[in-house]
Amino acid sequence: MRKKIVAGNWKCNTTLQAGVELAKAVTEVVKASGDPEVQVVVCPPFVHITKVVETVDNNQVKVGAQNCAAEAKGAFTGEVSAEMVRSTGAEYVILGHSERREYYAEDSAVLNKKLALALANGLTPIYCCGEPLSIREAGTQNEYVKKQFEETIFHLSEEDFRKLVIAYEPIWAIGTGKTATSAQAQEMHAWLRGLIAGKFGNDVAESTSILYGGSCNAGNAKELFANPDVDGGLIGGASLDANSFLAIVNGYN
Ligand code: PGA
């Protein structure tokens, strides 16, 4: 059975102190009443990661970064490498988030370098994909996301592809309060699983976790997670409150 995952993407929020408190609170609530079938991940800002790794109980909560550099090391001022992330004890890294693609001009070439480095350093990439509103309105979202796959993760070997987690995040639903309907999420997830099956075969497709992201919250997680092809969520805003996040973690119950 494929893994169910609920990952919190804290984005550019929380001071170090507030982040450590949040990590503590998440660990406590997950320990006390989290669904043991769901892998919980928190992705704080880089500078919090070391402390957050020390704070969480690794058996309950894993830690990830929100990005990593496209270069292994060297004269790249301000960058944080995949190897550095891994050396903190973090195990995941979000790659290809639409905010990075849009605001920091991350194209497929850059993403491929990041994916290769993340995998080479033993990190699990949470690979994000998803269409903007104009594409959804034109009804060409399937082709749009297919192209994202073809330009990036479909270049990976089957062995490496098996290490990925996919997050489908329609851009029009991120931070807008406008969630994809449960049917829209299921439709896209099933299409993506079919694409993966076509490329790597059924076994790979059936074992790839595909998370939904975009205004997923305590109120709608249950309905979204009730879909057979939705294997959890990548959560932004609602991951900044431990109890809201817990309610999403328990969305399968
Ligand atoms: P949101 O963000 O839950 O605040 O919409 C999700 C994401 O961007 O990962």
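When a ligand or atom number is given, it counts from 1 through the structure's own listing order. Note that the structure is a prediction, hence the values are computed from the model and not measured.
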Using the side chain to side chain donor-acceptor pair (under 3.5 Å) rule, take Lys114 and Asn67 through it: C-alpha gap first, then chi angles, then the decisive distance, then the call.
-> CA-CA 8 Å; Lys114 294 185 175 192; Asn67 182 28; 2.8 Å; yes
Does the side chain to side chain donor-acceptor pair (under 3.5 Å) test come out yes or no for Ser244 and Asn217, once each step is laid out?
-> CA-CA 7 Å; Ser244 299; Asn217 58 41; over 6 Å; no
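Using a 4.5 Å heavy-atom cutoff, the side chains of Asn9 and Ile94 are in contact. Within the 4.5 Å cutoff, side-chain heavy atoms of Phe149 are placed close to those of Cys129.
Contacts of Asn9 with ligand 1, taken as heavy-atom pairs under 4.0 Å, involve the side chain alone.
Which of Glu169, Glu99, Gln66 comes nearest to atom 7 (C) of ligand 1 through a heavy atom is settled by distance: it is Glu169.
Scanning the protein for heavy atoms near atom 2 (O) of ligand 1, the closest one is Lys11 NZ, 3.2 Å.
In this structure, Ser215 is part of the shell of residues with a heavy atom less than 4.0 angstrom from ligand 1. Under the 4.0 angstrom criterion for non-hydrogen atoms, Ala173 is in contact with ligand 1.
Under the 30°/60° scheme for interplanar angles, the aromatic rings of Phe154 and Phe200 are found to stand perpendicular.
Residue Gly236 has at least one nitrogen or oxygen atom sitting less than 3.5 Å from a nitrogen or oxygen atom of ligand 1, judged on distance alone. Between Gly237 and ligand 1, at least one N/O pair is under 3.5 Å apart. Backbone and side-chain nitrogen or oxygen atoms of Gly213 are examined, and none is located within less than 3.5 angstrom of a nitrogen or oxygen of ligand 1.
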Tabulate below the donor-acceptor pairs under 3.5 Å that side-chain atoms of residues 132-145 make, not counting sequence neighbours, or state none.
from	atom 1	to	atom 2	distance (Å)
Arg136	NE	Glu131	OE2	2.9
Arg136	NH2	Glu131	OE2	3.2
Arg136	NH2	Tyr168	OH	3.0

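Applying the ring-ring contact (aromatic ring centres under 6.0 Å, His included) rule to pairs touching residues 232-253 yields Phe225-Tyr252, sequence neighbours excluded.
Salt-bridge formation is not detected for the pair Glu106/Arg101: no Lys NZ or Arg NE/NH1/NH2 atom is positioned less than 4.0 Å from an Asp or Glu carboxylate oxygen.
Near Gly175, meaning under 4.0 Å from any of its heavy atoms, are these atoms of ligand 1: 1 (P), 4 (O), 5 (O). Under a 4.0 Å criterion applied to the non-hydrogen atoms of His97, ligand 1 contributes the atoms 7 (C), 8 (O), 9 (O). Near Gly214, the atoms of ligand 1 lying under 4.0 angstrom from a non-hydrogen atom of the residue are 5 (O).
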